[in-house]
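Ligands are counted one by one from 1 in listed order, and the atoms in each one are counted from 1 as well. For the numbers below, each heavy atom of this structure counts, side chains included, while hydrogens, waters and symmetry mates do not.
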Amino acid sequence: MQKRAVDIDTFMEGLVARNPGEIEFHQAVHEVATDVIPYMQKHPKYLDEQVLERLCEPDRVISFRVCWHDDDHNIRVNRGYRIQNNNAIGPYKGGLRFHPSVNQSILKFLAFEQTFKNSLTGLPMGGGKGGADFNPRGKSDPEIMRFCQSFMTELYRHVGPYTDVPAGDIGVGAREIGYMFGQYKRLTNTFSGVLTGKGLEYGGSAMRTEATGYGCVYFLIDMLEASGSSLDGKVVVISGSGNVATHAAEQSVMNGAKVITLSDSDGYIYDSDGMTKEKINWVKELKNVRRGRIKEYVNEFPSAKYIDGEKPWNVECDVALPCATQNEITIDDAKMLTKNGCIAVSEGANMPTNNDAVQHFINAKVLFGPAKAANAGGVAMSGLEMSQNSERRSWASDELSVMLREIMSGIHERCREAGTEGDYCNYAKGANIAGFKKVADAVMAFGMV
Ligand code: NDP
């Protein structure tokens, strides 16, 4: 008989043995299990039913070949994936990532996290994630189109508006979603809400592009206000310069904060004057239209500096918003941030903070908004896009803005309820427990499946 997971070490030993080499997946499970196992010990029905073991074994791992022609007529081969982690509370839902680092471990961690995040939104969505080890950087538009079409030519048989509804993520924006939706429509002869993040002309939702970055800042504002502070006048350091980073910057500036950095995988820019809405719009155009690099910022705004090959975490700030990728804040970065006076971190990216760095923030009583809560605004808006598609109507952006704000406040409340310990709220723990409970109860309702 399989041993009941009564302690974290026994549990992790089993998980690592079953999933060798998948270090990001181990890391994500460890972070959740650290809070959930003590909770299950107080509520043994979850232990008896092996619920955590079941949530750590994806419903399905799909991997497939993606062949496409480059502009020189060479045949190129990539690997595509879809991880369908759990659909206990709704169809699988989660983004597609196109990046050379993509592998099964990274997508399993993302699909696992997504399951709890989607549960926290209060909307009926299960957890999934997918993508390919395809590098969009430097590819022409026709190459991107051929890749997306080939990718969807296999993926289409595994997804559907009631089965699995992918969205964008790193390297997958409006252009890629358009190409994939077009191919799905052609293959199935249906027009349905199979993808979210669609263009407004063909079933997309207003506010979807803004939602993750804005939501991350709303969560930050709620954490600050609950501790008697506010965002007004705070100095904010942000990593990344993509969708999440630029919208987090925009919403921070709209709330009176001074944003002084953005970055990409080559380095970061430091703008001591602070970024304005105009400067942020310039970055959006740089990234989305010209497909340029963040270092070009200093050519346009010469008072700023570009620091090559480094991350922005050694810059003095009140607030840090990691919005690029996983594991970008190490324990040394975390120590530097707290030494320099950082009082709050809100994660726009998925798992950007290493587990020991998270622990450092919690021990230092830094307000720490974990990704599965703080960046849930994007998937929440995707959930609202699904509702609009089902109803065959579109809601106005001001209505959706109000809904997003309410959803983020609801998530903040759920985390506070489950994570408050004396005068400090451990939001990471709160998010893990609140996210787990709903999915776990649904899993148990289905019996042994
Ligand atoms: P984009 O592709 O728009 O932007 C990604 C940004 O992160 C780019 O600036 C990119 O720089 C940088 N980046 C990527 N990989 C690395 C790396 N290894 N080291 C340093 N910088 C890196 O993606 P998004 O903004 O959509 O996503 C950012 C994060 O937010 C991801 O973790 C994603 O999972 C998460 N997220 C996104 C959601 C969404 O709605 N888009 C929803 C919830 C979470 P470069 O150009 O050099 O690669």
Side-chain angles (χ1 to χ4, degrees), residues 24 28 93-102 106-107 109-111 113-114 117-118 120-121 125 127 129-131 134-139 166-177 195-197 204-205 207-216 219 238-250 261-269 283-284 286-288 290-297 308-313 321-330 333 346-353 369-383 385 404 408:
E24 293 84 1
K93 180 90 199 83
L96 296 170
R97 176 177 293 191
F98 291 167
H99 193 271
S101 64
V102 161
I106 288 179
L107 294 180
F109 114 62
L110 288 164
E113 283 279 297
Q114 193 82 43
K117 180 187 311 191
N118 293 1
L120 273 176
T121 65
M125 299 180 288
K129 200 83 188 189
F134 168 73
N135 188 358
R137 206 198 284 184
K139 302 290 189 299
D169 190 74
I170 293 177
V172 178
R175 173 181 58 167
E176 291 75 17
I177 293 287
L195 291 168
T196 58
S205 173
M207 293 303 297
R208 175 60 188 89
T209 317
E210 293 87 348
T212 308
Y214 279 20
C216 171
F219 195 87
I238 300 181
S239 65
S241 47
N243 174 273
V244 180
T246 50
H247 290 100
E250 189 170 277
T261 70
L262 286 175
S263 73
D264 60 24
S265 48
D266 297 331
Y268 74 91
I269 53 112
V283 175
K284 286 186 193 169
L286 171 79
K287 300 300 273 190
N288 297 331
R290 291 195 283 126
R291 313 266 167 204
R293 308 298 300 159
I294 198 64
K295 67 180 170 202
E296 294 169 48
Y297 185 93
D308 192 43
E310 285 188 35
K311 299 180 288 184
W313 313 127
L321 303 180
C323 295
T325 193
Q326 64 272 1
N327 291 327
E328 46 170 325
I329 299 186
T330 63
D333 298 324
S346 189
E347 293 187 322
N350 282 311
M351 204 169 75
T353 314
K372 61 174 77 65
N375 76 20
V379 74
M381 193 54 68
S382 278
E385 183 172 333
L404 175 64
M408 292 313 297

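The immediate protein surroundings of ligand 1, defined as residues with any heavy atom under 4.0 Å of it, consist of Arg97, His99, Arg137, Asp169, Ile170, Gly171, Arg208, Thr212, Gly240, Ser241, Gly242, Asn243, Val244, Ser263, Asp264, Ser265, Lys287, Arg293, Cys323, Ala324, Thr325, Gly348, Ala349, Asn350, Asn375.
Ser241 and Lys287 form a side-chain donor-acceptor contact under 3.5 Å, judged by distance and modelled atom types alone. With no hydrogens or angles considered, a side-chain donor-acceptor pair links Thr330 and Asp333 at under 3.5 Å.
Leu110 places none of its side-chain heavy atoms less than 4.5 Å from the side chain of Gln114. Considering only heavy atoms from C-beta on, Asn375 comes within 4.5 Å of Lys117 through its side chain. With contacts defined as side-chain heavy-atom distances shorter than 4.5 Å, the pair Val283/Tyr297 qualifies.
Interatomic distance, Arg293 CZ to Arg137 CZ, rounded to the nearest 0.5 Å: 3.5 Å.
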